[in-house]
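Reading through the structure tokens given below for one structure.
Numbered from 1 within each chain, the chains take letters A, B, ... in sequence-line order.
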2 protein chains.
Amino acid sequence: MANSASGESIIGRFVKIVSAFDDRHTSMTVAELGRRTGLPVTTTYRLVNDLLAERLLEREPGGDVHIGTRMWELVSRGSKMLGLREAALPFMEDVQAVVQHSTTLGILDSDEVLYIERLGSDKTIVDITKIAGRLPLHATSSGLVLLAHAPAAYQDSFLARPLTKFTETTLTEPSLLRRHLAEIRQRGFAAMPGVIVPESSGIAVPVFGPDNSVRAALSVVVPRNEENTPARVPVLMAAARGISRALGWRGELKGTLRQSH
Amino acid sequence: MANSASGESIIGRFVKIVSAFDDRHTSMTVAELGRRTGLPVTTTYRLVNDLLAERLLEREPGGDVHIGTRMWELVSRGSKMLGLREAALPFMEDVQAVVQHSTTLGILDSDEVLYIERLGSDKTIVDITKIAGRLPLHATSSGLVLLAHAPAAYQDSFLARPLTKFTETTLTEPSLLRRHLAEIRQRGFAAMPGVIVPESSGIAVPVFGPDNSVRAALSVVVPRNEENTPARVPVLMAAARGISRALGWRGELKGTLRQSH
DNA sequence: CTCAGGATTCCCGCTCAATGGTAATCCTCC
DNA sequence: GGAGGATTACCATTGAGCGGGAATCCTGAG
């Protein structure tokens, strides 16, 4: 693959370097970066210098480095995420104004929900969704929606794996889960009382793209005790339709409802 | 620098590739990518395959490639932008709720304003700010705020350059601009009637970091005819203080007001 | 002031991964 | 069926990347 003894390409190392940063470690010394990535010292320095030269990384006064503005800019500008986000945000603001708690937008990626946007104060309630954060598919309302509308083959392979049971209400039994997914497709939304964090409840609905496939899941998280949960659904659905339309969706063609089996 | 005949490092080519994508071209064929970047065909294919292997790029059914979810995720997760954004968003929502038009958050990068967040419907008014978009410093309210609070040395070098005059109200004469910047520092905000786009007006205020330096500019864009502009300022200022505090700012220490000369 | 431990930069010979031309193959519309 | 473009396959060449080791620079503790 590469000149390296370990046999990785530069791209691989680039990924290692970028991955070393997360919300908890947004900046660090080059030496530490070397330690976290496991790359040889000299190599780390050389690579970091290349990245600094391109402004993909930036050095701060203290000497620590962090992910560069340029990198964020390039990726954000060119990524399709921005389009989805732009389309969704106005509607999310509306939902947020009405529902008051926390509104998120998530997509299916690598067998997990990846949250790409989130509105709402975390002060009010425990809520573990973070932007650019991930959660398991079968344990979140967003995940269930995404899974429910995924291709049958994908569902099969996903359900074949052992699933972690987070609370008593987490469905892990394939057949039960499958039935639940069918229900979600029919009702058009998923509701999950306190799956990962028992105190909170999620409700999610699908967002469609032009080809009628599901692009994302729009969801709100509310405190569990708030038992007017069903009242939230119409608001969410209306917003999701708005987002879908902004993405070029032309309304559901009768009889074209996606079915997986 | 590299094995390449043209003498670029792989990192440089990586940047070229990512830069080939923007909001108008979020996906394209590999051949086109090669054309846009000017890289040799074979090289492009090899590099793209490496990137696909790491999921930094993704191939879509049609054969086109686009920037990968993984790339967006890694960069977003590790970038400091997220922290700033998270701190600012709740307050921006509040501003947006009151002011109704468009609320943006911009930072100073490479002698321009880089907008990192934006709320508000573009339906209501012409507004050219885009997320991950750039505008010149001296022609936007956000830019003027950022420039006004930048180190003196930076201001000097910036003012030494020739500045484009976008409309009659754009200040380009260094001495006049300097006086205007002083005014902005004193008043605590910048107001720009229709600088780039004549129909709209911007108001911006600074957001401070823990060390009392200016981290970003919070601004609203309103239609020009709306002449209650000054009324917006207090709202903006209050929000900016909130954001600053969320970033760890401990209130302005009397007498520590930044002065540039 | 000195000293220790860590961060950072220099140095340098080895080597194989990256390079990029050419040519073959695969698509996909007319 | 065939023209034009996209994509893959092949391959000889070589210098960019590699990484161990040592020197130097920092910084805070004693």
- prompt: Should the pair B/Phe158 and B/His138 be assigned to parallel (<30°), tilted (30 to 60°) or perpendicular (>60°) ring geometry?
  reply: tilted
- prompt: Whole-Å distance between D/dG17 P and A/Leu39 CG?
  reply: 15 Å
- request: Would you kindly give the CG-to-P distance between A/Asp50 and D/dG19, to the nearest whole Å?
  value: 14 Å
- prompt: Looking at residues at least two apart in the chain, or sitting in another chain, which of them share a side chain to side chain donor-acceptor pair (under 3.5 Å) with A/Arg24?
  reply: none
- request: Check the distance between C/dA18's P and B/Asn49's CG and give it to me in whole angstrom.
  value: 12 Å
- prompt: Should B/Leu56 and A/Phe14 count as side-chain neighbours, where that means a heavy-atom distance under 4.5 Å?
  reply: yes
- prompt: Does any non-hydrogen side-chain atom of A/Leu163 lie less than 4.5 Å from one of A/Leu177?
  reply: yes
- prompt: Would you say a side-chain N or O of B/Arg13 is under 4.0 Å from OP1 or OP2 of C/dT19?
  reply: yes
- prompt: Can you tell if the side chain of B/Arg134 reaches within under 4.5 Å of the side chain of B/Ser110, non-hydrogen atoms only?
  reply: yes
field: hbond_proxy B/Thr42 side chain to C/dG21 base (donor-acceptor, 3.5 Å cutoff)
entry: yes
Whole angstrom value for the distance that separates P of C/dA18 from CG of B/Leu51: 12 Å
- prompt: Does B/Arg77 have any salt bridge (charged side-chain N to carboxylate O under 4.0 Å, His left out) partners at least two apart in sequence or in another chain, and if so, which?
  reply: B/Glu73
query: Is B/Asp64 salt-bridged to B/Arg59, going by a charged N under 4.0 Å from an acidic O?
result: no
query: Considering only side-chain heavy atoms of B/Thr29, which listed nucleotide, D/dA6, D/dC18, C/dG20, is closest?
result: D/dA6
query: Going by heavy atoms closer than 4.0 Å, what residues in residues 55-64 of chain A are next to DNA chain D?
result: none
statement: By nearest-heavy-atom nucleotide on DNA chain D, the more 5' of B/Ile11 and B/Val41 is B/Val41
query: Given atom CZ of B/Arg35 and atom P of D/dG5, what is their separation to the nearest angstrom?
result: 9 Å
query: What integer distance in Å separates A/Arg46:CZ from D/dG19:P?
result: 7 Å
message: How many whole angstroms separate atom CD1 of B/Ile10 from atom P of D/dG17?
response: 6 Å
statement: In whole angstroms, the gap separating C1' of C/dT22 from OH of B/Tyr45 amounts to 15 Å
